[in-house]
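Read the structure below first, then the notes.
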Amino acid sequence: MAFQDIFYSPRGNAAPNAPTRLGALLRGWLEAYGEWREYRDYDAIGAAFAKLSERQLNQLGMSRATLSIDLTDLMARADESRAHAAEIAALLDGRAPFAAAAPLRIAAQRSVVSTAP
């Protein structure tokens, strides 16, 4: 999408939905930039682990033979952890759709736990 397409209609007048198209364009760029940074970080982490010796990798529970699998698993667990943290933050802020029912579930779980001998 060119600059002229964003701000001007075919007749040369200002496009009526220019802010909407510009916002969509910027959101797309920000999303692409975030993905690029994520992959760059993954590459940097992989390069750092590749520099470690076999002994150091073993201390971390990894092996050079399965390093790519181990790193993929590590990144998947990090993504999962970030998703859980976002859900918890949404719960605490009251933004989650199930936030109103959460105290009831937590209270029910506590009562079950507290009645156990």
Side-chain angles (χ1 to χ4, degrees):
M1 183 177 291
F3 177 81
Q4 292 81 10
D5 297 335
I6 296 171
F7 291 106
Y8 297 103
S9 69
R11 286 183 241 128
N13 301 330
N17 59 351
T20 306
R21 287 194 276 175
L22 181 60
L25 182 66
L26 290 176
R27 279 189 297 278
W29 281 345
L30 287 174
E31 185 178 317
Y33 178 67
E35 289 176 10
W36 172 79
R37 285 186 57 186
E38 185 177 341
Y39 289 123
R40 183 196 62 178
D41 292 345
Y42 288 168
D43 287 342
I45 292 168
F49 275 104
K51 291 178 183 178
L52 297 177
S53 68
E54 184 67 30
R55 180 187 60 80
Q56 292 169 324
L57 289 171
N58 287 337
Q59 287 178 337
L60 296 172
M62 299 179 178
S63 170
R64 187 154 314 278
T66 60
L67 185 59
S68 62
I69 296 169
D70 293 336
L71 287 176
T72 303
D73 184 47
L74 179 69
M75 299 306 169
R77 282 187 278 146
D79 289 341
E80 201 173 285
S81 178
R82 274 195 300 274
H84 289 311
E87 289 176 13
I88 291 170
L91 259 176
L92 294 176
D93 289 345
R95 293 176 291 158
F98 52 89
L104 299 176
R105 283 198 308 266
I106 293 170
Q109 289 173 352
R110 285 185 183 156
S111 68
V112 170
V113 172
S114 63
T115 59

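Note: hydrogens, waters and symmetry copies are ignored here, and every other heavy atom, side chains too, is used. Along the sequence shown, residues carry numbers from 1.
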Within-4.5 Å side-chain heavy-atom neighbours: Ile88 and Leu92 = yes
Enter the distance from Asp73:CG to Glu80:CD here, rounded to the nearest 0.5 Å.
-> 9.5 Å
Backbone N or O of Ala32 within a donor-acceptor pair of the Glu35 side chain at under 3.5 Å?
-> no
Carboxylate-amine/guanidinium proximity below 4.0 Å for Arg37 and Asp41 = no
Using atom types as modelled and distance alone, determine if a side-chain donor or acceptor of Thr72 lies under 3.5 Å from a backbone N or O of Ser68.
-> yes
Is Phe49 close to Asp70 at the side-chain level, that is, under 4.5 Å between some pair of heavy atoms?
-> no
Hey, quick one: are Met75 and Ile69 part of the same hydrophobic cluster, counting side-chain heavy atoms closer than 4.5 Å, chains of contacts allowed?
-> no
Modelled atom types, side-chain donor and acceptor of Glu38 and Tyr42, under 3.5 Å = yes
In this structure, CD1 of Ile45 is separated from CG of Leu71 (nearest 0.5 Å) by 8.5 Å
